J.: 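Quick one: structure below, then a few questions.
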Amino acid sequence: MSLKLFTQSLLGKWTSPLLPGRQVAAAFHTSLIHQQAATSTTTTEPTWSPNSIRTGVIAKKKGMTSTWTAEGVRIPVTILQLEDVIVTDVRNDNKHGYTALQVGCSPLKEKSASKPMKEHFNKLGVPLRQKLLEFRVSNDAVLPIGTPLKANHYIVGQYVDVTAPSIGKGFAGVMKRWNFGGLPASHGHSLSHRSAGSTGQRKWPSKVFKGKKMAGRLGGESVTVQNLEVIKVDTELDLLYIKGSVPGFDDQFVKIKDAVKKKGDKLFPKDSAPPPFPTAIQQ
């Protein structure tokens, strides 16, 4: 190929054969820089920053046990298991107005799924899942549909928030529901020791204000326990050992995500930073 054709192929707008040599060299060098920048942009993997928001996961509560430190200090832990957790759908700004990932867990038989649910999963090309939840993420933490999420998505020493429906206890009185002290257990209080007592006022305003603590249904509401520490990660069985108690009964689906009140580097231990981002690489 002649020098003229070679120059024209690299520089579309520089078509004159009388172009000075220094300008040709400078333009050629600029084009190479742009090509290298474009190549590096397409191949560079996203890196974690303090403003990045990773996706959460769905797990099943398996119960509580204890573990001990090297000094012999007992630590109560809750065991959470991840069952075939995958990314089932992606929400983006252009179509939905926000960026999020839909995550599903626990395989579901086709005979147990509704027709709209079957169509939803068939359209996305992913297997059926029992539980679906959405997690808001930053633009650099978006994962493709079908990506598996394992226990190594979290690291030992980091903090998480766990959300689940609390155990329902039915209709409960004020002493159990609101920790009232009850009425005096003495003469003149027959059969009313655990009652709420007076709930209104005198002639004015002659009503019970909204929000008054009274007897009613206890439990069965969504509860979030924040800043729980990850004590252990079992990658073989996909188990997370979380310090402290977690809402819900055994085999209850729970929602786990990075602690929102721990900002930046305080969320993860210094010796393990940066965390797996956007998630751990599956072997």
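Please read these numbers as outputs of a predicted model, since none were measured by experiment.
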J.: I'd like to know if the side chain of Ser66 and the backbone of Pro76 have a donor-acceptor N/O pair within less than 3.5 Å.
T.: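 It does not hold such a pair.
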
J.: Honestly curious: do Leu239 and Val103 fall in one hydrophobic cluster under the side-chain, below-4.5 Å linking rule?
T.: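 No, no single cluster joins them.
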
J.: Give a yes or no on this: more than 12 heavy atoms of other residues, nucleotides or ligands lie within 6.0 Å of atom NZ of Lys213.
T.: no

J.: Can you name the salt bridge (Lys or Arg N to Asp or Glu O under 4.0 Å) partners of Lys131, sequence neighbours left out?
T.: none

J.: Do Leu128 and Leu132 share a hydrophobic cluster (ILVMFWY, side-chain heavy atoms under 4.5 Å, transitive)?
T.: yes

J.: Rounded to the nearest 0.5 Å, what separation is found between the NZ atom of Lys150 and the OG1 atom of Thr147?
T.: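 Output value for this atom pair is 12.0 Å.
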
J.: Looking at Gly244 and Met64, what are the two nearest heavy atoms and their distance?
T.: O-CE, 3.7 Å

J.: Once you round to the nearest 0.5 Å, how far does OG1 of Thr235 lie from NZ of Lys232?
T.: 10.0 Å

J.: Using modelled atom types and a 3.5 Å cut-off, is there a donor and acceptor pairing between side-chain atoms of Ser138 and backbone atoms of Ile53?
T.: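 The answer is yes, because a donor-acceptor pair under 3.5 Å joins these two groups.
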
J.: I'd like to check the salt bridge (Lys or Arg N to Asp or Glu O under 4.0 Å) partners of Glu134; sequence neighbours left out, ordered by chain and number.
T.: Arg91

J.: Can you name the nearest heavy-atom pair linking Asp89 to His120, along with the distance?
T.: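 Scanning both residues, the minimum pair turns out to be OD2-CE1, 3.8 Å.
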
J.: Identify, with sequence neighbours excluded, every residue that meets side-chain hydrogen bond (donor to acceptor under 3.5 Å, both in side chains) alongside Lys176.
T.: none

J.: To the nearest 0.5 Å, what is the distance between OG on Ser112 and CE on Met117?
T.: 12.0 Å

J.: Quick one, Pro247 and Val225 - any side-chain contact, counting heavy atoms below 4.5 Å?
T.: yes

J.: With clusters built from Ile, Leu, Val, Met, Phe, Trp and Tyr whose side-chain heavy atoms come within less than 4.5 Å, directly or transitively, what are the remaining members of the cluster of Tyr98, listed by chain and number?
T.: none

J.: Tell me which pairs pass ring pair (Phe, Tyr, Trp, His ring centres under 6.0 Å) where either residue lies in residues 192-228, with sequence neighbours left out.
T.: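 Qualifying pairs, neighbours excluded: none.
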
J.: Using the salt bridge (Lys or Arg N to Asp or Glu O under 4.0 Å) criterion, which residues pair with Lys257? Sequence neighbours excluded.
T.: none

J.: Does atom CG (Asn179) have a neighbourhood of more than 12 heavy atoms from anything else shown, all under 6.0 Å?
T.: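 No.
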
J.: Grab the two heavy atoms, one from Ile86 and one from Val126, that are nearest each other, plus how far apart they are.
T.: CD1-CB, 4.3 Å

J.: Which heavy-atom pair separates Lys61 from Leu80 by the least distance, and what is that distance?
T.: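 Lys61 and Leu80 have their closest heavy atoms at CA-CD2, 3.7 Å.
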
J.: For the backbone of Ile75 and the side chain of Thr67, can you confirm whether one donor and one acceptor N or O come within less than 3.5 Å of each other?
T.: no

J.: With a 4.5 Å cut-off on side-chain heavy-atom distances among I, L, V, M, F, W and Y, is there a chain of contacts connecting Phe277 to Val85?
T.: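 No: no chain of side-chain contacts under 4.5 Å links Phe277 to Val85.
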
J.: Which donor-acceptor pairs under 3.5 Å do the side chains of residues 151-163 make with protein atoms, sequence neighbours left out?
T.:
residue : atom : partner : partner atom : Å
His153  : ND1  : Thr279  : OG1          : 2.9
His153  : NE2  : Thr55   : O            : 2.9
Tyr154  : OH   : Ile256  : O            : 3.1
Gln158  : OE1  : Ile155  : N            : 3.1
Gln158  : NE2  : Asp258  : OD1          : 3.0
Asp161  : OD1  : Asn227  : N            : 3.0
Asp161  : OD2  : Val260  : N            : 3.1
Thr163  : OG1  : Thr224  : OG1          : 2.8

J.: When Ile, Leu, Val, Met, Phe, Trp and Tyr are grouped by side-chain heavy atoms lying under 4.5 Å apart, directly or through other members, which residues fall in the same group as Met214?
T.: Val208

J.: Atom CD1 in Ile167, atom CG in Asp250: separation rounded to 0.5 Å?
T.: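 Reported value, rounded in 0.5 Å steps: 8.0 Å.
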
J.: Check the hydrophobic clustering (I, L, V, M, F, W, Y; side-chain heavy atoms under 4.5 Å; chains of links allowed) and say if Val137 and Leu149 are grouped together.
T.: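 Looking at the clustering, Leu149 is in the same group as Val137.
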
J.: Does Asp251 have any salt bridge (Lys or Arg N to Asp or Glu O under 4.0 Å) partners at least two apart in sequence or in another chain, and if so, which?
T.: Lys62

J.: What are the two closest non-hydrogen atoms of Pro107 and Gln130, and how far apart are they?
T.: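 Where Pro107 meets Gln130 most closely, the heavy atoms are O-NE2, 3.1 Å.
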
J.: What donor-acceptor contacts under 3.5 angstrom involve side-chain atoms of residues 183-191, with partners at least two apart or in another chain?
T.:
none

J.: Heavy-atom distance under 4.5 Å between the side chains of Val77 and Ile242, does that happen here?
T.: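 No - every pair of side-chain heavy atoms lies 4.5 Å or more apart.
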
J.: Looking at CG of Leu101 and CG of Asn92, how far apart are the two atoms once the value is rounded to the nearest 0.5 Å?
T.: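 One finds 10.5 Å between CG of Leu101 and CG of Asn92.
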
J.: Please check if the side chain of Arg129 supplies one atom and the backbone of Asp84 the other of a donor-acceptor pair under 3.5 Å.
T.: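 Flag set: sc Arg129 to bb Asp84 pair under 3.5 Å.
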
J.: With a cutoff of under 4.5 Å between side-chain heavy atoms, which Ile, Leu, Val, Met, Phe, Trp and Tyr residues group with Val174?
T.: Met175, Trp178, Phe180

J.: Is it true that Val233 and Leu267 fall in one hydrophobic cluster, defined by side-chain heavy atoms closer than 4.5 Å?
T.: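 No; Leu267 is not reachable from Val233 via cluster members.
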
J.: Give the C-alpha distance, both sets of side-chain angles, the deciding distance and a yes or no for side chain to side chain contact (heavy atoms under 4.5 Å, CB included) between Asn139 and Asp93.
T.: CA-CA 9 Å; Asn139 292 327; Asp93 292 328; 3.8 Å; yes

J.: What pairs of residues pass the ring pair (Phe, Tyr, Trp, His ring centres under 6.0 Å) test when at least one of them lies in residues 239-272, not counting sequence neighbours?
T.: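 Sorted pair list: Trp48-Phe268.
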
J.: Considering all heavy atoms of both residues, which atom of Ile58 and which atom of Cys105 are nearest to each other, and what is their separation?
T.: CG2-SG, 3.5 Å

